[in-house]
There are 2 protein chains.
Amino acid sequence: MVREALAALLGLEGDIDVVAQVARGDEVLDAARATPVDVALLDIEMPGLTGLEAAALLRRELPALKVVILTTFGRPGYLRRAMESGADAFLVKDAPAARLADALRRVLRGERVIDPTLAAAALADGANPLTDRERAVLTASADGSTNAELAARLHLSNGTVRNYLSTAIQKTGARNRAEAVRIARDKGWL
Amino acid sequence: MVREALAALLGLEGDIDVVAQVARGDEVLDAARATPVDVALLDIEMPGLTGLEAAALLRRELPALKVVILTTFGRPGYLRRAMESGADAFLVKDAPAARLADALRRVLRGERVIDPTLAAAALADGANPLTDRERAVLTASADGSTNAELAARLHLSNGTVRNYLSTAIQKTGARNRAEAVRIARDKGWL
DNA sequence: CGCCACCCATGACATCTGTCATCCCCGGTT
DNA sequence: AACCGGGGATGACAGATGTCATGGGTGGCG
């Protein structure tokens with residue numbers, strides 16, 4: 001519904017045509033190939049592929065296509081990964097609607113559009129300090145699983161799970177796994 | 001941005017006029033009083049007042065005004081509370097856009113519009129089994145606070161916090177507080 | 001009045017978590 | 001060859017968490 005609404009909004013702009021829409025991240029590339037298109041507008045949270053993964057894919061397969069990421073959550077880590085994925089713009093949904101059409105036009109002129117506040121936050125936070133396994137264990141723990149369940153699910157020993165969670169807790173500056181999950185999620189590290 | 005986009009979408013319908021928009025729940029009543037309006041379209045997650053609280057307020061102050069709740073999360077508890085707040089319709093955002101205008105028209109004709117799948121889920125789940133205090137403690141624990149912090153924040157003893165969390169864990173069928181939070185949130189009990 | 005639900009608390013107990021020291025293996029770097 | 005970071009593991013320990021029994025206070029309801 002939101003996607004259709006945004007399409008309606010952009011359709012009101014005289015110089016913008018919405019030529020294709022898909023509901024899933026893994027349908028983006030096919031659609032972009034099937035239709036001549038200048039700019040792809042991607043959400044991050046999507047079924048199939050995330051917008052960040054889809055952006056990287058588009059960058060590789062169709063380098064001329066501009067990519068704009070539009071997301072609900074302005075998390076520094078998201079912005080960082082969006083830039084690494086080769087996105088041309090990064091917008092948050094609580095910005096005024098006028099900014100969206102504006103960003104699309106700027107991107108087409110070759111500019112990059114990034115919220116300065118967010119850019120500062122992303123730079124201040126530094127890179128994701130979590131190793132692959134720490135991130136995997138922390139992510140898996142988010143639903144309230146116990147150490148034993150995590151160990152079984154990830155094919156690790158109980159103690160190893162505890163060790164990874166312990167380092168993740170320290171790196172996030174949290175005082176237990178739940179807080180660590182919250183902080184890491186906030187920063188877009190998961 | 002989403003609100004403006006939805007307004008654009010509805011504006012395309014010939015028989016619908018978007019006469020007012022506000023960004024916060026606590027501005028809804030004033031706006032509804034200032035402008036002659038037939039239907040209020042409310043999100044649940046809003047700053048100031050939630051859409052559910054705003055709906056109850058509108059029902060009391062302006063009984064003739066129809067109220068439609070539009071939310072991202074189709075949680076049974078949300079639907080239940082929406083109905084208790086006197087809402088005339090309950091929609092989820094991942095429904096097709098056409099359903100929105102359709103629901104507004106139906107509501108104006110005096111119908112109530114509710115997703116049947118969701119209605120079944122809400123009835124199957126039964127009412128919220130958590131007491132006020134259990135809900136408060138569980139909600140407060142969601143950010144990863146320790147028992148000691150919860151006790152200080154809620155002016156309770158450490159042991160009482162543990163007791164409330166324990167009963168909440170059992171009522172949700174969870175095996176620790178984190179899982180209890182997830183389950184209760186899923187059902188819309190928080 | 002008795003019953004019950006809810007609120008608040010204590011103490012005891014078993015288990016789970018978080019931390020730390022220490023070890024092994026591997027693949028890069030210097 | 002020496003070193004380091006990452007992955008994986010063990011054992012020990014303190015503290016946090018979850019459970020249970022038990023008690024007291026309040027207010028509503030039959």
Side-chain angles (χ1 to χ4, degrees), chain A residues 77 80-81 84 125-190, chain B residues 77 80-81 84 125-190:
Chain A
R80 177 178 296 270
R81 278 188 279 164
E84 287 165 2
D125 268 3
N128 187 340
L130 302 176
T131 68
D132 282 357
R133 299 307 264 164
E134 286 161 1
R135 194 159 22 78
V137 175
L138 191 58
T139 305
S141 83
D143 65 351
S145 299
T146 66
N147 285 333
E149 289 169 335
L150 295 175
R153 206 183 323 162
L154 300 170
H155 309 291
L156 292 173
S157 86
N158 195 302
T160 303
V161 169
R162 295 233 294 285
N163 287 339
Y164 282 139
L165 280 175
S166 183
T167 58
I169 288 166
Q170 290 176 289
K171 286 181 179 178
T172 52
R175 280 182 339 297
N176 53 53
R177 63 184 69 191
E179 203 180 2
V181 166
R182 186 176 58 77
I183 292 170
R185 208 172 249 159
D186 254 31
K187 304 209 171 188
W189 289 345
L190 301 186
Chain B
R80 178 179 294 274
R81 278 188 277 164
E84 287 166 2
D125 268 3
N128 188 338
L130 302 175
T131 69
D132 283 356
R133 299 307 262 166
E134 285 161 1
R135 193 158 23 78
V137 175
L138 192 58
T139 305
S141 83
D143 65 352
S145 299
T146 67
N147 285 331
E149 287 168 337
L150 295 175
R153 205 183 324 161
L154 300 169
H155 309 292
L156 293 171
S157 87
N158 196 302
T160 303
V161 168
R162 294 231 297 283
N163 288 338
Y164 281 141
L165 280 176
S166 183
T167 59
I169 288 166
Q170 290 176 291
K171 285 180 178 178
T172 51
R175 278 180 341 295
N176 54 54
R177 62 184 70 191
E179 201 180 2
V181 166
R182 185 177 58 77
I183 292 172
R185 209 171 247 161
D186 253 31
K187 304 210 171 190
W189 289 345
L190 300 185

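By convention in this document, chain letters (A, B, ...) are assigned in the order of the sequence lines, proteins followed by strands, and residues within each chain are numbered from 1. If you're wondering where the values come from, they're calculated on a predicted model, not measured in any experiment.
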Here the residues of residues 137-149 of chain B within 4.0 Å heavy-atom distance, strictly under, of DNA chain D are B:Thr146, B:Asn147
Contacts to DNA chain D from residues 150-175 of chain A, heavy-atom cutoff under 4.0 Å, which residues? A:Leu156, A:Ser157, A:Gly159, A:Thr160, A:Arg162, A:Asn163, A:Tyr164
Most 5' of A:Asn176 and B:Thr131 on DNA chain C, judged by nearest nucleotide: B:Thr131
Residue list, side-chain hydrogen bond (donor to acceptor under 3.5 Å, both in side chains) with B:Arg185, at least two apart or on another chain: none
With a 4.5 Å heavy-atom cut-off, do A:Leu165 and A:Arg162 have their side chains touching? no
For residues B:Tyr164 and B:Leu156, determine if any side-chain heavy atom of one lies less than 4.5 Å from a side-chain heavy atom of the other. yes
What pairs with B:Glu149 under side-chain contact (heavy atoms from CB on, under 4.5 Å), at least two apart in sequence or on another chain? A:Arg175, B:Ser145, B:Thr146
Any non-hydrogen side-chain atom of B:Lys171 less than 4.5 Å from a side-chain atom of B:Thr131? yes
Could I get the full list of side-chain contact (heavy atoms from CB on, under 4.5 Å) partners for A:Ala180, not counting sequence neighbours? A:Leu138, A:Ile169, A:Thr172, A:Ala174
Min and max contacting nt of DNA chain D in 5' to 3' order, chain B heavy atoms within under 4.0 angstrom, are D:dT17 to D:dC20
Atom CZ of B:Arg177 and atom C1' of C:dT15: how far apart are they, to the nearest Å? 14 Å
Test side-chain hydrogen bond (donor to acceptor under 3.5 Å, both in side chains) applied to A:Asn147 - qualifying residues, sequence neighbours left out: A:Arg177
Residues passing the side-chain contact (heavy atoms from CB on, under 4.5 Å) test with B:Glu84, sequence neighbours excluded, are B:Arg80, B:Arg81
Positions of residues 183-190 of chain B (non-hydrogen atom under 4.0 Å from DNA chain C), listed by number: none
Looking only at atom types and distance, does a side-chain atom of A:Arg135 sit under 3.5 Å from a main-chain N or O of A:Leu130, one as donor and one as acceptor? no
With sequence neighbours left out, what residues match A:Lys187 under side-chain contact (heavy atoms from CB on, under 4.5 Å)? A:Asp125, A:Ile183, A:Trp189
Checking B:Arg133 now: which residues fulfil side-chain hydrogen bond (donor to acceptor under 3.5 Å, both in side chains) with it, not counting sequence neighbours? none
Do side-chain atoms of A:Asn158 reach the backbone of A:Ala151 as a donor and acceptor pair under 3.5 angstrom? no
Contacts of type side-chain hydrogen bond (donor to acceptor under 3.5 Å, both in side chains), residue B:Thr139, not counting sequence neighbours: none
